[in-house]
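In what follows, chains carry the letters A, B, and so on, assigned in the order in which the sequence lines appear, proteins first and then strands, with residues in each chain numbered from 1.
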Amino acid sequence: MLDNYHLNQLAEPLLAWFVDHARVLPWRERPEPYRVWVSEIMLQQTRVEAVKPYYERFLKALPDVAALAACPEDQLMKLWEGLGYYNRVRNMQKAAVTVTEEYDGVLPADYGKLLELKGIGSYTAGAIASIAYGIPVPAVDGNVLRILTRVAADDTDIMKQSFRSAVEAQLGEMMRELTVPEELRRVLRDENVPGALNQAMMELGATVCVPNGAPLCEECPWSKMCLARAQGRMMDFPVKSKAKARRIEERTVLVIRDGEKVAIRKRPKKGLLAGLYELPNLSGALSAKEVLSYVKEQQFAPLRIEKLADAKHIFSHIEWRMSGYAILVEEAGFAAEKEPESGNGRTPEEKADGEGGLIFVDAWDARERYAIPSAFSAYAGYLKKEFD
DNA sequence: AATGCGGGGTC
DNA sequence: GACCCAGCATT
């Protein structure tokens with residue numbers, strides 16, 4: 001794709017632009033390996049603005065690899081709550097254990113070794129290697145694919161894995177051969193050319209050659225050599241095959257309350273929203289009668305049932321259409337674990353873990369301590385709200 | 001090569 | 001509504 005370009009021709013104006021236009025971002029202040037790692041995992045399929053409020057909080061709670069490796073699961077999920085793609089943080093923790101055991105707690109300064117770590121693919125390995133260690137390897141993300149297909153007016157489908165690999169190979173070779181004038185190199189942070197170049201490409205994609213709407217070509221350091229612009233076809237690139245349509249699922253969400261306690265449960269270890277907590281919910285749009293039948297099956301004595309508003313939640317591949325019921329149940333010493341502190345000393349989390357059973361928790365505690373995904377936000381308000 | 005995996009923003 | 005986002009793991 002870039003056959004007609006020398007990287008110097010692209011890199012010099014881009015780096016010069018980046019020196020003046022780089023956003024001030026928390027993870028850019030001190031590009032240490034662990035800080036870069038955390039930022040890159042958070043930024044996967046997630047916008048900068050969405051990551052900001054999470055980043056400092058996460059770093060403060062888990063300031064180094066050892067702290068991440070040792071963090072209890074529920075606290076980890078709570079720190080990630082709302083960011084989505086929860087396997088990202090599970091895999092990062094697995095990798096932290098590996099880094100602790102095999103690399104003495106320091107991320108390896110080696111692209112291939114980074115790539116072997118859980119949750120680190122070619123993009124993230126390239127980002128860490130280049131930004132934290134100055135290694136000349138590319139970090140090809142959606143931004144990079146967009147700006148390069150536009151500047152070269154390349155109509156290859158960027159969803160094809162083979163294209164991404166080809167771009168990585170081509171960019172990698174060019175980066176290894178790249179030379180940057182001394183005066184330009186000196187003004188880059190740590191004189192790190194590979195790190196600056198990768199970040200500059202992403203910055204250009206995020207702020208100028210934007211993904212939605214028309215690109216701001218007047219501000220672009222590549223405008224004079226951009227083939228898409230020359231052809232007036234900026235919006236024709238990148239070419240991207242359509243994603244499969246999402247399926248629709250009907251669900252019935254229950255707010256089962258007993259005085260000040262509410263029933264939640266832990267989701268399975270694998271699959272959608274793995275390991276997070278949720279309000280009990282069932283497949284289908286159930287009637288009040290069917291809900292009462294379920295509640296009784298769970299060994300509760302329902303006193304009152306109230307229909308709640310419908311709600312919708314859109315995942316990338318599923319749409320939940322939810323109907324809700326609030327059920328007041330009689331206090332009883334049987335059924336779900338009502339008294340976490342009593343009994344054999346296991347916490348409700350341990351009892352819930354893997355068993356899929358309901359646990360009764362203090363209604364206020366529920367949102368404070370348990371990671372509950374935003375799919376349930378329409379009903380999370382009922383965790384605190386009283387029945388008239 | 002295709003699919004599962006979140007949540008929020010923009011147009 | 002549709003599209004997109006500093007992707008990766010699994011099959």
Side-chain angles (χ1 to χ4, degrees), chain A residues 22-23 25-28 31 36-55 77 80-92 94-95 114-128 130-132 138-147 157-165 168 195 197-207 209-215 235 238-248 267-276 278 312-320 371-378:
Chain A
R23 288 170 292 180
L25 301 173
W27 44 90
R28 283 184 175 161
V36 172
W37 182 22
V38 172
S39 74
E40 292 302 341
I41 299 297
M42 285 187 174
L43 286 163
Q44 288 170 9
Q45 296 288 281
T46 309
R47 294 165 192 274
V48 164
E49 291 308 314
V51 167
K52 278 181 179 173
Y54 287 88
Y55 184 72
M77 302 319 290
W80 209 264
E81 178 185 27
L83 261 184
Y85 286 143
Y86 298 91
N87 265 337
R88 290 185 291 177
V89 72
R90 295 176 180 285
N91 285 332
M92 185 165 63
K94 288 177 190 166
L114 288 168
L115 201 51
E116 290 176 5
L117 294 168
K118 278 288 185 202
I120 296 184
S122 62
Y123 163 76
T124 306
I128 296 172
S130 63
I131 297 169
V140 178
D141 72 337
N143 288 311
V144 173
L145 291 172
R146 184 172 57 258
I147 67 173
D157 180 359
I158 64 166
M159 297 301 281
K160 293 175 76 72
Q161 171 66 32
S162 56
F163 181 61
R164 183 187 174 124
S165 303
E168 283 169 353
L197 184 60
N198 284 331
Q199 292 185 82
M201 287 193 284
M202 294 189 276
E203 194 84 350
L204 187 69
T207 64
C209 200
V210 291
N212 44 340
M235 301 297 278
V239 173
K240 195 169 183 178
S241 54
K242 286 197 197 330
K244 204 182 67 173
R246 66 175 63 89
R247 66 177 183 272
I248 294 172
R267 292 181 60 86
K269 288 182 185 306
K270 289 187 180 298
L272 185 68
L273 304 172
L276 277 72
E278 65 178 359
K312 182 169 71 172
H313 184 79
I314 309 224
F315 300 94
S316 32
H317 56 304
I318 306 170
E319 176 176 332
W320 274 2
I372 299 173
S374 49
F376 296 94
S377 60

Q: Specify the residue among A:Lys312 and A:Met202 whose closest nucleotide of DNA chain C lies further upstream toward the 5′ end.
A: A:Lys312
(Q) As a test of reading the structure: which of C:dA9, C:dA6, C:dC3 is closest to the side chain of A:Asn91, going by heavy atoms? (A) C:dA9
Q) Are the charged groups of A:Arg28 and A:Glu203 less than 4.0 angstrom apart, N to O? A) yes
(Q) Counting only side-chain heavy atoms from C-beta out, which of C:dC8, B:dG7, B:dC5 sits nearest to A:His313? (A) B:dG7
Q) Mapping A:Gln45 and A:Gln161 to their closest nucleotides on DNA chain B, which lands nearer the 5' end? A) A:Gln161
(Q) Please report the distance, rounded to the nearest Å, between CZ in A:Arg246 and P in C:dC4. (A) 13 Å
Q. If we take the P atom in both B:dG6 and C:dT11, what is their distance in whole Å?
A. 16 Å
Q. Base, sugar-phosphate, or nothing for A:Tyr123, non-hydrogen atoms under 4.0 angstrom?
A. base
Q: Could you tell me whether the side chain of A:Arg246 and the main chain of A:Phe315 form a donor-acceptor pair under 3.5 Å?
A: yes
Q: Answer with base, sugar-phosphate or nothing: what part of the nucleic acid does A:Leu25 contact at a heavy-atom distance below 4.0 Å?
A: base
Q. How many Å lie between CD on A:Glu116 and C1' on C:dC8, as a whole number?
A. 16 Å
Q) For the pair made of CH2 in A:Trp80 and P in C:dC8, what is the distance, rounded to whole Å? A) 13 Å
**Q.** Presence of A:Arg90 side-chain N/O under 4.0 Å of B:dC5 phosphate oxygens OP1/OP2
**A.** no
Q) Using a distance-only test with no angle check, is there a side-chain donor-acceptor pair under 3.5 angstrom linking A:Glu81 and A:Tyr86? A) no
Q. Rounding to the closest angstrom, what is the interatomic distance between B:dG7 and C:dT10 at atom C1'?
A. 22 Å
Q) Among the nucleotides B:dC5, C:dA6, B:dG7, which one has an atom lying closest to any side-chain atom of A:Arg247? A) B:dC5
Q: Ignoring backbone atoms, test whether A:Lys270 places a side-chain nitrogen or oxygen under 4.0 Å from the OP1 or OP2 oxygen of C:dT10.
A: no
Q. Looking at C:dG7, does its base get a donor-acceptor pair with the side chain of A:Thr124 below 3.5 Å?
A. no
Q) Contact class for A:Lys244 (heavy atom, under 4.0 Å): base, sugar-phosphate, or nothing? A) sugar-phosphate
(Q) Does A:Ser122 reach a base, just sugar-phosphate, or nothing at all? Heavy atoms under 4.0 Å. (A) sugar-phosphate
Q | Side-chain-base donor-acceptor pair under 3.5 Å for A:Arg23 and C:dA6 | A | yes
Q.
In whole Å, measure the gap between the P atoms of B:dG8 and C:dA9 for me.
A. 24 Å
Q. Using a cut-off of 4.0 Å on non-hydrogen atoms, how would the nucleic acid contact of A:Ser316 be classed: base, sugar-phosphate, or nothing?
A. base
**Q.** Closest listed nucleotide, where the reference is the side chain of A:Ala375 and the choices are B:dG7, B:dG6, C:dA6
**A.** B:dG7
Q) Is A:Trp27 touching bases, backbone alone, or none of the nucleic acid, heavy atoms closer than 4.0 Å? A) base
**Q.** Whole-Å distance separating the CD1 atom of A:Ile147 from the P atom of C:dA6
**A.** 12 Å
Q: Output, in order, the C-alpha distance, side-chain angles, deciding distance and verdict of side chain to side chain contact (heavy atoms under 4.5 Å, CB included) for A:Ile314 and A:Trp320.
A: CA-CA 6 Å; A:Ile314 309 224; A:Trp320 274 2; over 6 Å; no
(Q) Mind checking if A:Gly205 touches a base, just sugar-phosphate, or nothing, with heavy atoms under 4.0 Å? (A) nothing
**Q.** Touch class at under 4.0 angstrom, heavy-atom based, for A:Leu83 against every strand present
**A.** base
Q) What's the CD-C1' distance between A:Gln199 and C:dA6, to the nearest Å? A) 9 Å
Q.
The side chain of A:Asn212 is closest to which nucleotide in this list: C:dG7, C:dA9, B:dC11?
A. B:dC11
(Q) Considering every strand and a 4.0 Å limit on heavy-atom distances, what is the contact class for A:Arg28: base, sugar-phosphate, or nothing? (A) base
(Q) Quick check on C:dT10: is either OP1 or OP2 less than 4.0 Å from any side-chain nitrogen or oxygen of A:Lys118? (A) yes
Q: Look at the side-chain N and O atoms of A:Lys240 and state whether any lies under 4.0 Å from the OP1 or OP2 oxygen of C:dC5.
A: yes
Q.
Counting the atoms with a prime plus P, OP1 and OP2 as sugar-phosphate, which does A:Asn143 contact under 4.0 Å by heavy atoms, base, sugar-phosphate, or nothing?
A. base
Q: For the side chain of A:Arg88, starting at C-beta, report the closest nucleotide among B:dG6, B:dG7, C:dG7.
A: B:dG6
Q: Check whether the side chains of A:Gln45 and A:Arg88 place a donor and an acceptor atom closer than 3.5 Å, and report yes or no.
A: no
Q) Can you tell me if the side-chain N/O atoms of A:His317 get under 4.0 Å from OP1 or OP2 in B:dC5? A) yes
Q) Under 3.5 Å, is there an N or O donor on one side and an acceptor on the other linking the side chain of A:Thr46 and the base of B:dG6? A) yes
(Q) Rounded to whole Å, how long is the line connecting atom CD1 of A:Ile120 with atom C1' of C:dG7? (A) 12 Å
Q) Can you find a donor-acceptor N/O pair under 3.5 angstrom joining the side chain of A:Arg47 to the base of C:dC4? A) yes
(Q) Measuring from the side chain of A:Lys242 (C-beta onward, heavy atoms only), which nucleotide among B:dG7, B:dG4, C:dC3 has the closest atom? (A) C:dC3
Q: Please measure how far the P atom in B:dT3 lies from the corresponding atom in C:dA6, and state the result in whole Å.
A: 24 Å
Q.
Distance check needed: B:dG6 P versus A:Met42 CE, whole Å only.
A. 16 Å
Q | Polar side-chain atom of A:Asp157 near backbone of A:Ser241 as donor-acceptor pair, under 3.5 Å | A | yes
Q) With sequence neighbours left out, what residues match A:Glu278 under side-chain hydrogen bond (donor to acceptor under 3.5 Å, both in side chains)? A) A:Arg265, A:Arg267, A:Asn281
Q) Looking at residues at least two apart in the chain, or sitting in another chain, which of them share a side-chain hydrogen bond (donor to acceptor under 3.5 Å, both in side chains) with A:Trp80? A) none
(Q) Would you say A:Tyr85 places a side-chain N or O within less than 4.0 Å of OP1 or OP2 belonging to C:dA9? (A) no
Q.
Let's see if you can work this out: which of C:dC8, B:dG6, C:dA6 has an atom nearest to the side-chain heavy atoms of A:Arg164?
A. C:dC8
Q) So, the side chain of A:Arg47 versus the backbone of A:Ala206: is there a donor-acceptor pair under 3.5 Å, distance only? A) no
Q) Roughly how many Å is it from CG in A:Leu43 to P in B:dG9, rounded to a whole number? A) 16 Å
